[in-house]
Amino acid sequence: MNKVYPSAAEALRDVVRDGQLIAVGGFGLCGIPEALIDALRASGVKDLTVISNNAGVDDFGLGKLLQTRQIKKMISSYVGENKEFERQYLAGELEIEFTPQGTLAEKLRAAGAGIPAFFTKTGVGTIVAEGKEHREFNGETYILEHALFPEVSLIKADVADLAGNLRFRLTARNFNPAVAMAGRICIAEVERIVPTGAIEPDDVHLPGIYVHRIVHNPTPEKRIERRTTRERKV
């Protein structure tokens, strides 16, 4: 089975539609599927609910989909770098489900493992716990959180083989594997494609069984979210 598609647009064809629950990998602007996000924008699909650790910046990443108003709801843990996100939220134009970062990661991991819900102490006693089931375990209070099962997952990896086995690079490994495992259909954007078997078994970070389509993007922009420098000492 050939999992490699000639373009991001082709990989999204017959998969994305209005009103879907979509998960997008990445941590800040690190490890985001740039080409797939651009293709999703060009597709014109709307009323999306997007699960992602963050919402990009104003003109990059998921920020592009906010600009075109294709996202109706975000399920995120960090959104502090996007002024359009802030504007839409404060104006009541965008729904937001703020989720603690570890809980968000576990919601995706649990879905990939077929676990529909779990109890956690994170958020107990805060607004995160409002309206949720509370239960006592060993004298401690926990709240019930439900897993997230996206219809489509868009992820970014460094290397893929033709069978879809993936290897991520450094921080890009943070949310991408969990996002991939949670989705009913997973599309992976990669910088390099190698023959099947070229990745050593111990170096496979995500087995190809989770990956349905592959897009080759050898020259991503890889923008830095916030550049910090210090004066050079003479």
Side-chain angles (χ1 to χ4, degrees), residues 16-28 31-32 37 40 45-58 61-155 174-186 210:
V16 296
R17 63 179 185 276
D18 293 349
Q20 278 184 318
L21 177 64
I22 294 179
V24 180
F27 189 77
I32 65 172
I37 291 173
L40 189 60
V45 294
K46 58 184 183 299
D47 297 327
L48 300 173
T49 296
V50 178
I51 307 161
S52 183
N53 180 58
N54 75 310
V57 293
D58 287 297
L62 290 175
K64 293 182 176 181
L65 299 182
L66 288 170
Q67 287 177 337
T68 53
R69 310 301 295 275
Q70 289 169 265
I71 299 176
K72 72 171 184 178
K73 179 179 180 179
M74 285 291 308
I75 302 175
S76 298
S77 62
Y78 177 71
V79 296
E81 302 295 336
N82 195 314
K83 292 190 179 298
E84 177 59 17
F85 185 108
E86 176 187 15
R87 188 200 66 75
Q88 289 186 24
Y89 174 52
L90 294 177
E93 300 169 3
L94 178 69
E95 298 177 55
I96 302 177
E97 186 175 320
F98 284 120
T99 306
Q101 190 171 84
T103 301
L104 181 63
E106 183 61 14
K107 281 172 172 279
L108 293 163
R109 191 208 66 81
I115 300 170
F118 58 92
F119 283 96
T120 177
K121 292 175 66 176
T122 303
V124 172
T126 73
I127 59 173
V128 170
E130 291 180 1
K132 296 176 180 176
E133 179 183 343
H134 288 59
R135 189 175 295 186
E136 298 291 323
F137 294 95
N138 299 319
E140 300 283 350
T141 301
Y142 292 74
I143 56 175
L144 181 68
E145 295 281 5
H146 292 269
L148 292 167
F149 294 89
E151 297 171 74
V152 180
S153 290
L154 307 179
I155 67 166
N174 202 305
F175 267 88
N176 276 299
V179 167
M181 294 172 68
R184 184 175 62 85
I185 296 177
C186 173
Y210 292 107

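Numbering of residues begins at 1 and proceeds along the displayed sequence. As the structure is a prediction and not an experimental result, all values here were calculated from the model.
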Visitor: List the atom of Gly123, the atom of Ala129, and the distance in Å for their closest heavy-atom pair.
Guide: O-CB, 3.4 Å
Visitor: I'd like to know whether Val152 forms a side chain to side chain contact (heavy atoms under 4.5 Å, CB included) with Gln20, so could you lay out the CA-CA distance, the side-chain angles of the two residues, the decisive distance to 0.1 Å, and finally the verdict.
Guide: CA-CA 8 Å; Val152 180; Gln20 278 184 318; 3.8 Å; yes
Visitor: Would a 4.5 Å heavy-atom cut-off, applied to side chains only, mark Pro100 and Val128 as touching?
Guide: yes
Visitor: Is Glu93 salt-bridged to Arg87, going by a charged N under 4.0 Å from an acidic O?
Guide: yes
Visitor: Give the minimum heavy-atom separation between Ser52 and Val24, together with the two atoms involved.
Guide: OG-O, 3.3 Å
Visitor: Would you check if Ile71 and Asp47 make a side-chain contact, meaning some heavy-atom pair closer than 4.5 Å?
Guide: no
Visitor: Leu48 versus Leu40: any side-chain heavy-atom pair under 4.5 Å?
Guide: yes
Visitor: So does Lys107 pair up with Glu145, basic N to acidic O under 4.0 Å?
Guide: yes
Visitor: Taking atom CG of Asn82 and atom CD of Gln88, what is their separation to the nearest 0.5 Å?
Guide: 8.5 Å
Visitor: Under 4.5 Å between any side-chain heavy atoms of Thr99 and Glu97, yes or no?
Guide: yes
Visitor: Can you establish whether the number of heavy atoms outside Lys83 located under 6.0 Å from its atom NZ is more than 12?
Guide: no
Visitor: Determine the interplanar angle of the Phe175 and Phe27 rings, folded into 0 to 90°, and report it as parallel if under 30°, tilted if 30 to 60°, perpendicular if over 60°.
Guide: parallel
Visitor: Using a strict cut-off of less than 4.0 Å between a Lys/Arg side-chain nitrogen and an Asp/Glu carboxylate oxygen, indicate whether Arg135 and Glu133 qualify as a salt bridge.
Guide: yes
Visitor: For Asp58 and Gln67, run side chain to side chain donor-acceptor pair (under 3.5 Å): C-alpha distance rounded to whole Å, both residues' side-chain angles, the deciding distance at 0.1 Å, then the answer.
Guide: CA-CA 8 Å; Asp58 287 297; Gln67 287 177 337; 5.8 Å; no
Visitor: Calculate, to the nearest 0.5 Å, the distance between atoms CD1 and CG belonging to Ile32 and Asn54 respectively.
Guide: 8.0 Å
Visitor: On a heavy-atom basis, which atom in Thr122 and which in Ile143 lie closest, and how many Å separate them?
Guide: O-CD1, 3.3 Å
Visitor: Any salt bridge between Lys46 and Asp18, counting N to O under 4.0 Å?
Guide: yes
Visitor: Calculate, to the nearest 0.5 Å, the distance between atoms CZ and CE belonging to Arg109 and Met181 respectively.
Guide: 7.5 Å
Visitor: How many angstroms lie between CG in Leu62 and CD in Glu84, if you round to the nearest 0.5 Å?
Guide: 13.5 Å
Visitor: Would Asn53 and Ser77 count as a side chain to side chain donor-acceptor pair (under 3.5 Å) here? Give the steps.
Guide: CA-CA 5 Å; Asn53 180 58; Ser77 62; 2.6 Å; yes
Visitor: Is it true that, when you exclude Ile127 itself, more than 12 heavy atoms of the residues, nucleotides or ligands shown sit nearer than 6.0 Å to its CD1?
Guide: no
Visitor: Determine the minimum heavy-atom distance between Ala55 and Met74, stating which atoms define it.
Guide: CB-CE, 4.0 Å
Visitor: Side chains of His146 and Leu144: does their closest heavy-atom pair fall under 4.5 Å?
Guide: yes
Visitor: Could you tell me whether a side-chain N or O of Ser153 sits under 3.5 Å from a main-chain N or O of Val179, the two making a donor and an acceptor?
Guide: yes
Visitor: Taking it one step at a time, do Leu104 and Ile51 satisfy side chain to side chain contact (heavy atoms under 4.5 Å, CB included)?
Guide: CA-CA 9 Å; Leu104 181 63; Ile51 307 161; 3.8 Å; yes
Visitor: Taking all non-hydrogen atoms of both residues, which atom of Ile155 and which atom of Cys186 are closest, and how far apart?
Guide: CD1-SG, 3.8 Å
Visitor: Taking it one step at a time, do Lys72 and Thr49 satisfy side chain to side chain contact (heavy atoms under 4.5 Å, CB included)?
Guide: CA-CA 6 Å; Lys72 72 171 184 178; Thr49 296; 3.7 Å; yes
Visitor: With a sphere of 6.0 Å drawn around CZ of Phe149, does it hold more than 12 non-hydrogen atoms of other residues, nucleotides or ligands?
Guide: yes
Visitor: Report yes or no: does His134 contribute a side-chain atom to a donor-acceptor pair with the main-chain N or O of Lys132 at less than 3.5 Å?
Guide: yes
Visitor: Indicate the atoms forming the closest heavy-atom contact of Leu66 with Phe85, along with that distance.
Guide: CD1-CD1, 3.7 Å
Visitor: Any side-chain heavy-atom pair from Lys73 and Val50 closer than 4.5 angstrom?
Guide: no
